[in-house]
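First comes the structure, then the notes that go with it.
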There are 2 protein chains.
Amino acid sequence: MSQLPEQSSPQSSPQPSPRRSEPPAERPRRTAGPPVPTSADVARLAGVSRATVSYVLNNTSAVRISEPTRRKVREAAEELAYVPHAAARSLRAGHTRIVLLPTAHVPVGPLYSRFLDELQWALRRLDYTVVQYGSLGLDGDEAARAWAELRPVAVVSLGEIALTPQGVEILKRSGAKAVITLGPRRVEGAHALVMDQREIGGRAVEHLLERGRRRIGVVMPEEPGLDLFSEPRLAGARAAVTASSTGAHVEPLPLSYTEESAARLAARWDGLGLDAVYAYNDEYAMLLMRALQDAGIAVPGDTAVLGADDLLLGRLLRPRLSTVRIDLVTGQRLAALVDRVVRDPGGEPERHDLMGARAVRREST
Amino acid sequence: MSQLPEQSSPQSSPQPSPRRSEPPAERPRRTAGPPVPTSADVARLAGVSRATVSYVLNNTSAVRISEPTRRKVREAAEELAYVPHAAARSLRAGHTRIVLLPTAHVPVGPLYSRFLDELQWALRRLDYTVVQYGSLGLDGDEAARAWAELRPVAVVSLGEIALTPQGVEILKRSGAKAVITLGPRRVEGAHALVMDQREIGGRAVEHLLERGRRRIGVVMPEEPGLDLFSEPRLAGARAAVTASSTGAHVEPLPLSYTEESAARLAARWDGLGLDAVYAYNDEYAMLLMRALQDAGIAVPGDTAVLGADDLLLGRLLRPRLSTVRIDLVTGQRLAALVDRVVRDPGGEPERHDLMGARAVRREST
DNA sequence: TTGAAAGCGATACCAG
DNA sequence: CTGGTATCGCTTTCAA
């Protein structure tokens, strides 16, 4: 089974007087395949102790190892293609450097993608191991428990999975120094950073009010998972109307991302008596705008259409799509924040505004 | 620094006469915070042994535990919010159920997103732990080593990170049962499934030839990372031209995803003498089509424009965008494949065609 | 400068 | 039916 000579007889090197009962030479734990080299294998090949191997490979500064020894160890490691076992290491260390990012859906949109890329890159530079944990179809506590098994030092929830206060508690008790919500949800039972989606809805409505519109539709995507974003945006829209004391009206408009759904909505548009619509984001806005135009409704003449995300594609339509531009925090800044919280978990849950939003008028409003 | 009483003075308690050198009450391994409960804690609270705890919590069938004991254990676990330590478990077990998906960029496009969601979901149902490992800015072997540290049972590379034959070797020697490339690259040194991007370019050109076009531009995105996809698509386009023996011509057209770049390309369009363009995907196609129209070039009159991915948004432009529809393998099928290879790693590296592509004519060609 | 050995947490043997 | 206990791979004192 094992082809490595030194594995064939574990007790070949005569042990003067084995106090403990000799295990009967059976170790077929690994279902098959060549055995994975361990630091002990490296030590054996290099003719040194495991401790020395560890010192060399980790460049331990507290200890001086002769250069020849170092080379022998490195060469042995190279030859065996030795890769340290992260689980064993972190078990021993008592902690990991894992930053866990739960993901349900891969977040949509180039904005989010870029942000994620930045975040990962910055965290890696801070020597964290970034792990996105696929959590599709797990509910709150179930998910939290699954994440906790990995003993991450930090969890940055992008908001696609509902993180409950109990979930946060589970994570913290499993050793997570930082649990950070980055999304539409309010602060949970613990450390959390808020990316307030309401601001987007607010800016959208303010813009439409400035343009003189008073009966405002707000598109609510029917796709699952998006309500975490769309609900707060609607709330923000409502708040903005109230604050404006213009007596304007906000009307939620369910819409799914298909041409049929858009056409159906457009068909009953006249009956709705709206003079503007904030369409959740640019994609829904483009879809709806086309449907409205096809139904003979003039944009922005009869109805203003406003998106969000400032996609390049929105500029390709005629009229060019007005939008709410979202300035996300840079991944680098968030990474720094994660690092700070990890190093000093004591602080109170802070509320950071990680997002700015402002309307960009083009031609559709 | 630490506010925990037992931490305040490590050597304060006088040591009477310990038989063994008493570890001086110091275990500040965990930098601070409440200690994470272990199965030993659960055992203590429940008044049983750790073994029993393990049996109960894992529903070990080979052993019968009385119902009262079970309840005690469960309650203790609940009370302590006990979560098993994945590292310890897999260390003991000698293997993990981790399927590692390296990610550099979050893949763009709804097609890919849906596919990833499906894959994750299906793998979870097969009881794998899906981990996306952020690998931005790691080169081949470096990345492979980092992945290998987690001892994944399988690695499914979506093709954003260049996986070298050595990388594959490293992974396999670290115990990975299945290493699967799913992308434009050819089969590596090991198990690999091929998603041949050339087919897309091929279908695109065939469609344009059928429509009577002979001088065909092929957009090559200048964005980094995309060349892994665009190069094979171009190769496929060339192959299709050759196979057709129409004497048609293919012209690569560098383009970056900005209006300026598109405008610049459109400005020199007449000089290029092309009567069709396959624009990599729908997004680039939409961008270019608008630029061409703004430059007074008729689509499809003067030039046919073809995208790929069949995005909904392509139908919103006028003329509606023709496209190459890509039928990706379902995540479920790939998950099953992963599972099969994991269970029987012996088989030869297979080459599966995981993708179909066909042109969909709308109005732009 | 190097080596021996104690554990980190969970599991699965083998006695009782 | 339950409880010791050896073990996985690695780091880190402590001794030599």
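Each chain gets a letter, A, B and so on, in the order its sequence line appears, and its residues count up from 1.
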* Asked: In whole angstrom, what separates A:N59's CG from D:dT11's P?
  -> 12 Å
List, one per line, each side-chain donor-acceptor pair under 3.5 Å for residues 64-80 of chain A, sequence neighbours excluded.
{"unit_1": "A:S66", "atom_1": "OG", "unit_2": "A:T69", "atom_2": "N", "d": "3.4"}
{"unit_1": "A:S66", "atom_1": "OG", "unit_2": "A:T69", "atom_2": "OG1", "d": "2.6"}
{"unit_1": "A:R70", "atom_1": "NH1", "unit_2": "A:I65", "atom_2": "O", "d": "3.2"}

* Any A:T38 side-chain nitrogen or oxygen under 4.0 Å from OP1 or OP2 of D:dG9 -> no
* Got a donor-acceptor contact below 3.5 angstrom from the A:R173 side chain to the B:P37 backbone? -> no
* Asked: So what does A:V48 touch, heavy atoms closer than 4.0 Å: a base, only the sugar-phosphate, or nothing?
  -> sugar-phosphate
* Asked: More than 12 non-hydrogen atoms from neighbouring residues, nucleotides or ligands closer than 6.0 Å to CD on B:E149, yes or no?
  -> yes
* Asked: Just by distance, do the side chain of A:S49 and the backbone of A:T52 share a donor-acceptor pair under 3.5 Å?
  -> yes
* **Atom-pair distance (CZ on A:R92; P on D:dT7), nearest Å** => 19 Å
* Atom-to-atom span, CZ of B:R151 to C1' of D:dC10 - whole angstrom -> 11 Å
* Is A:N58 reaching over with its side chain to a backbone N or O of A:S54, donor-acceptor style, under 3.5 angstrom? -> yes
* To do: Look at the side-chain N and O atoms of A:S66 and state whether any lies under 4.0 Å from the OP1 or OP2 oxygen of C:dT2.
  => yes
* Asked: Is the shortest distance from a Lys or Arg side-chain nitrogen in B:R343 or B:D339 to a carboxylate oxygen in the other one below 4.0 Å?
  -> yes
* Between atom CG in A:L150 and atom C1' in C:dG9, what is the gap in whole Å? -> 15 Å
* **Phosphate contact (D:dT11 OP1 or OP2) by A:R89 side-chain N/O below 4.0 Å** => yes
* Structure fact -> Rounded to whole Å, NE2 of A:H85 lies from C1' of C:dG9 at a distance of 13 Å
* Compare side-chain N and O positions of B:N58 against OP1 and OP2 of C:dT11 and report whether any pair is under 4.0 Å apart. => yes
* To the nearest angstrom, how far is B:R50 atom CZ from D:dG3 atom P? -> 12 Å
* At under 4.0 Å, does any side-chain N or O of B:S39 touch on OP1 or OP2 of C:dG9? -> no
* Asked: For B:G167, does its backbone N or O pair with a side-chain atom of B:T164 as donor and acceptor, under 3.5 Å?
  -> yes
* Nucleotide C:dC8, atom C1' - distance to NE2 of A:H95 in whole Å -> 12 Å
What N/O pairs connect the protein and nucleotides 13-16 of chain C at under 3.5 Å? Give each pair on its own line.
{"unit_1": "C:dC13", "atom_1": "N4", "unit_2": "B:Y55", "atom_2": "OH", "d": "2.3"}

* Asked: When you look at B:V130 and A:Y133, which way does the side-chain contact (heavy atoms from CB on, under 4.5 Å) test go after all the steps?
  -> CA-CA 6 Å; B:V130 180; A:Y133 191 101; over 6 Å; no
* Quick one: is D:dC1 close enough that its OP1 or OP2 comes under 4.0 Å of any side-chain N or O from B:T52? -> no
* Under 3.5 Å donor-acceptor, B:E118 side chain and B:G331 backbone -> yes
* Under 3.5 Å: donor-acceptor pair, side chain of A:T103, backbone of A:Q132 -> no
* To do: Provide, to the nearest angstrom, the distance between the CG atom belonging to B:L91 and the C1' atom belonging to D:dT11.
  => 13 Å
* List in numerical order all residues of residues 69-81 of chain B for which some heavy atom is under 4.0 Å away from an atom belonging to DNA chain C. => none
